[in-house]
2 protein chains.
Amino acid sequence: MERTQGSAETGEVDPAEAFAADVFSRACTSRGALEHVTGKWSLLALTALLDAPHRFGELRRRVDGVSEKMLSQSLQGLERDGWVHREVRSSIPPHVEYRLTPAGAELAPRLLALVTFVEDHMPEVHRAREDHDSRS
Amino acid sequence: MERTQGSAETGEVDPAEAFAADVFSRACTSRGALEHVTGKWSLLALTALLDAPHRFGELRRRVDGVSEKMLSQSLQGLERDGWVHREVRSSIPPHVEYRLTPAGAELAPRLLALVTFVEDHMPEVHRAREDHDSRS
DNA sequence: CAGTATCCTAAGAGATACTG
DNA sequence: CAGTATCTCTTAGGATACTG
């Protein structure tokens, strides 16, 4: 376990494995990063930040159903991976603003596109489900 | 709980809620469909099917680290939502092929683009993490 | 080969209460 | 306001064994 990738024996990277070597490899770090980004709440938080920076409470209200714990956890993960910037204004009451980093600003539109795509295809999805369930 | 969305009291859908009514709404079915698609193993299975149809065992080997149970479960979900088609050739030994449906063929490239984007940004992600962890 | 069935552990996730 | 802490419950997920 914990092998990096490719053929460790030869020290060479088989060109044919170049594709498979990344996300498809269990040890690849990009798989973890991808999961952080595509996580249930992270994905919604990122798209929610697309139009403008938002405060914690705003995000909490906007991402309907998220608990404080999960939102906090997701935002911390996104901040750690460099997709979101957290800015604290020390004041009373405290004011914390979350905004997309340049990298996050590139990522979020892709996520939104994905969201939109799935939304647009929901009629098909529902038809497929009914069709599938009726056969079972 | 289980309220549909918008303002159930008036029976009208506030235009201002039109945006929030979708994925950001807890009850929206697109949120569930989105999660199915962006799930850890589902996402990898879909992109693995992008080049050509594959058999169960091929997918299992290709998506490194997935268990039979999880792959089976993910494929069933994708089939139910109409992204993947499952074709059984009754023979001995059995031969089952998974291929993208037309809808799946539209979806998968978007997922691949997301995967590629994250892969390409891994150096930035790693730098962000080190930077973040050193401050803590 | 292509799964299902079973068992078990770890992680996800909600609710509530509390703090700087 | 913006979280953290804690507790509990559910689901995800892995391992192994078995079947059409």
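For clarity, every value in this text was computed on a predicted model and none was experimentally measured. By convention in this document, chain letters (A, B, ...) are assigned in the order of the sequence lines, proteins followed by strands, and residues within each chain are numbered from 1.
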Check your understanding: So, is Y98(B) close to the dG3(C) phosphate, meaning a side-chain N or O under 4.0 Å from OP1 or OP2?
Key -> yes
**Study point:** Short side-chain N/O contact to dG3(C) OP1/OP2 from R86(B), under 4.0 Å
**Key:** yes
Review point. Atom CD1 of I92(A) to atom C1' of dC1(D): distance rounded to whole Å?
Key: 11 Å
Check your understanding: Separation of L59(A) atom CG from dG3(D) atom C1', in whole Å?
Key -> 13 Å
Check your understanding: Given E124(A), which of H126(A), R127(A), H121(A) fulfils the side-chain hydrogen bond (donor to acceptor under 3.5 Å, both in side chains) condition?
Key -> H121(A)
Point to revise | Gap between atoms CD and P, on E35(B) and dG12(C) respectively (whole Å) | key: 14 Å
Practice item. Nearest-nucleotide wise, let me know which of E68(B) and S67(A) is further upstream toward the 5' end of DNA chain C. Key: E68(B)
Practice item. Look at the side chain of K69(A) and decide which nucleotide, out of dC1(D), dA13(C), dG13(D), has an atom nearest to it. Key: dA13(C)
Review point. Looking only at atom types and distance, does a side-chain atom of S42(B) sit under 3.5 Å from a main-chain N or O of G39(B), one as donor and one as acceptor?
Key: no
Exercise for review: Report which part of the nucleic acid K40(A) touches: base, sugar-phosphate, or nothing (heavy-atom distance under 4.0 Å, all strands).
Suggested key: sugar-phosphate
Check your understanding: Quick one: M70(A) CE to dA15(C) C1', roughly how many Å, whole number?
Key -> 12 Å
Review point. Shortest non-hydrogen contact from L46(A) to V37(A)?
Key: CD1-O, 4.3 Å
Practice item. Return the nearest nucleotide to the side chain of V96(A); candidates are dG3(D), dT4(D), dG14(C). Key: dG3(D)
Review point. Within the structure, does a side-chain N or O atom of R55(B) lie under 4.0 Å from either OP1 or OP2 of dA2(C)?
Key: yes
Practice item. Look at all strands and tell whether E97(A) reaches a base, only sugar-phosphate, or nothing, counting heavy atoms closer than 4.0 Å. Key: nothing
Study note, to complete from the structure: Of the candidates dA13(C), dA2(C), dG20(C), the side chain of W41(A) sits closest to dA13(C)
Revision key, fill the gap. Here the distance between atom P of dA12(D) and atom CG of L43(B), to the nearest Å, is 16 Å
Practice item. Round to a whole Å and report the spacing from CD of Q73(A) to C1' of dA13(C). Key: 9 Å
Check your understanding: If only atom types and distance count, is the side chain of T101(B) paired as donor or acceptor with the main-chain N or O of W83(B) below 3.5 Å?
Key -> yes
Review point. So which nucleotide does dG20(C) pair with, by the Watson-Crick or G-U wobble rule with both distances under 3.5 Å?
Key: dC1(D)
Exercise for review: Quickly work out the H95(A) NE2 to dG3(D) P distance and round it to whole Å.
Suggested key: 11 Å
Check your understanding: Are any of S72(A)'s side-chain N or O atoms less than 4.0 Å away from OP1 or OP2 of dT4(D)?
Key -> yes
Practice item. Using atom CG of D64(B) as one end and atom P of dG14(D) as the other, report the distance to the nearest whole Å. Key: 11 Å
Review point. Is E58(B) touching bases, backbone alone, or none of the nucleic acid, heavy atoms closer than 4.0 Å?
Key: nothing
Review point. Side chain to side chain contact (heavy atoms under 4.5 Å, CB included) with V96(B): which of R89(B), R55(B), E87(B), R86(B)?
Key: R86(B)
